[in-house]
Amino acid sequence: MKYKRFLFAIVALAAALTVGCNNNPYGTIDITGKVTVDGQPMEGVSVTMAPVTKDSGQRAAGGVTLADGTVRFVSAGSPVAGVMPGEYVLTFQKEVWLTADGTPAEEIPYDPSKPEPPTHPVDLIPAKYKDPKNSEFHVTVVDKNSTFEVDISTQE
């Protein structure tokens, strides 16, 4: 299932961060943020930081929220956690895969004698937060104290 591939990618990313923890070729700064949705923390929200200025030399960074809504970032191509200094626009995405009757795909018990039921993605975050051109959330990274708190409203 897609959920298992996503989980594998997160584990692989964590392993890569552990292996390269003494090498910081991009001068990244390890920052954290907190994301809530309608005032509540939500686990599994993908957060992307895209450079505001395209030719700045900065690299995009991404992370996934934990159960308490906190998120750490890894810059593209960097072996260590962190973000290059500069200004970024934040985008957010969270999908769940549901069966036709609304059951989350990860709650379906595995039975090798039966085919997997068809599933479809459902967006939990409004589309306006996925597009850097429409996102209202920005952060400027200067040092390790450059943190942010964002509350996303699902009411449009």
Side-chain angles (χ1 to χ4, degrees), residues 1-18 20 24 26-99 102-108 118-156:
M1 283 191 201
K2 292 178 182 16
Y3 178 76
K4 291 177 185 173
R5 282 185 263 164
F6 176 75
L7 187 57
F8 175 79
I10 296 298
V11 171
L13 177 62
L17 291 175
T18 303
N24 189 352
Y26 300 114
T28 57
I29 300 167
D30 191 7
I31 68 164
T32 60
K34 183 164 184 168
V35 178
T36 55
V37 178
D38 295 327
Q40 299 297 315
M42 181 181 283
E43 185 174 15
V45 176
S46 296
V47 185
T48 302
M49 297 177 71
V52 171
T53 307
K54 292 186 186 248
D55 297 328
S56 65
Q58 296 166 263
R59 293 175 177 253
V64 178
T65 59
L66 301 175
D68 64 356
T70 58
V71 60
R72 286 179 69 195
F73 296 92
V74 176
S75 292
S78 178
V80 296
V83 179
M84 297 172 77
E87 186 178 358
Y88 295 86
V89 61
L90 303 172
T91 57
F92 309 89
Q93 183 171 343
K94 169 75 177 183
E95 290 181 341
V96 293
W97 288 80
L98 303 176
T99 62
T103 303
E106 64 267 8
E107 292 180 12
I108 299 169
T119 58
H120 63 280
V122 174
D123 290 329
L124 298 181
I125 306 290
K128 70 180 182 178
Y129 298 113
K130 295 179 186 179
D131 185 356
K133 294 175 185 166
N134 297 328
S135 178
E136 61 199 62
F137 299 111
H138 290 77
V139 63
T140 301
V141 176
V142 178
D143 58 28
K144 67 180 180 177
N145 297 317
S146 303
T147 187
F148 65 87
E149 289 190 24
V150 170
D151 184 44
I152 297 169
S153 174
T154 57
Q155 308 302 314
E156 292 192 54

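Counting from 1, the numbers follow the sequence of the chain as shown.
A distance-only check finds a donor-acceptor pair linking the side chain of Arg59 to the backbone of Ala76 [under 3.5 Å].
Taking the salt bridge (charged side-chain N to carboxylate O under 4.0 Å, His left out) definition, one finds that Asp151 meets it with nothing, sequence neighbours left out. Take Asp131 and apply the side chain to side chain contact (heavy atoms under 4.5 Å, CB included) test, not counting sequence neighbours, and it matches Lys133, Asn134.
Closest approach of Val37 and Ile125 over heavy atoms only: CG2-CD1, 3.9 Å. Across Gly82 and Thr28, no two heavy atoms sit closer than the pair C-CB, 3.5 Å. Pairing each heavy atom of Ala61 with each of Phe73, the nearest pair is CB-CB, 4.2 Å. Closest heavy-atom contact between Val64 and Gly44: CG1-CA, 3.6 Å. Shown here for Glu136 and Tyr129, the closest heavy-atom pair between the two residues is OE1-CE2, 4.3 Å. Between Phe92 and Lys130, the shortest heavy-atom distance links the atoms O-CG, 3.3 Å.
Note that CG of Asp68 and OG1 of Thr36 are 11.5 Å apart. Values are rounded to the nearest 0.5 Å. Here the CD1 atom belonging to Ile152 is positioned 9.0 Å from the CG atom belonging to Asp38, to the nearest 0.5 angstrom. To the nearest 0.5 Å, the span separating CE on Met84 from CD1 on Ile29 amounts to 10.0 Å. Separation of atoms CG (Leu90) and NE2 (His138) is listed at 8.0 Å; rounding is to 0.5 Å. Rounded to the nearest 0.5 Å, atoms CG (Leu124) and OG1 (Thr154) are 9.0 Å apart.
The shortest side-chain heavy-atom distance between Val89 and Pro132 falls under the 4.5 Å cut-off. No side-chain heavy atom of Pro41 sits less than 4.5 Å from a side-chain heavy atom of Val35. Side-chain contact between Pro51 and Tyr88: present, with at least one pair of heavy atoms (C-beta onward) separated by less than 4.5 Å. Under the 4.5 Å side-chain criterion, counting only non-hydrogen atoms from C-beta, Ser146 is not in contact with Thr140. Counting heavy atoms from C-beta on, the side chains of Val142 and Pro85 never come closer than 4.5 Å.
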Handout entry: Worked verdict on Ile31 versus Met49 for side-chain contact (heavy atoms from CB on, under 4.5 Å)
Key = CA-CA 12 Å; Ile31 68 164; Met49 297 177 71; 4.1 Å; yes
Exercise for the section: Start with the C-alpha gap between Thr91 and Phe137, add the side-chain angles, then the distance that decides, and say whether side-chain contact (heavy atoms from CB on, under 4.5 Å) holds. Expected result: CA-CA 8 Å; Thr91 57; Phe137 299 111; over 6 Å; no
Practice task
Show your working on side-chain contact (heavy atoms from CB on, under 4.5 Å) between Val71 and Thr65 and close with a plain yes or no.
Solution key: CA-CA 5 Å; Val71 60; Thr65 59; 4.1 Å; yes
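Among pairs with a residue in residues 27-36, those fulfilling salt bridge (charged side-chain N to carboxylate O under 4.0 Å, His left out) read Asp30-Arg72, at least two apart in sequence or across chains.
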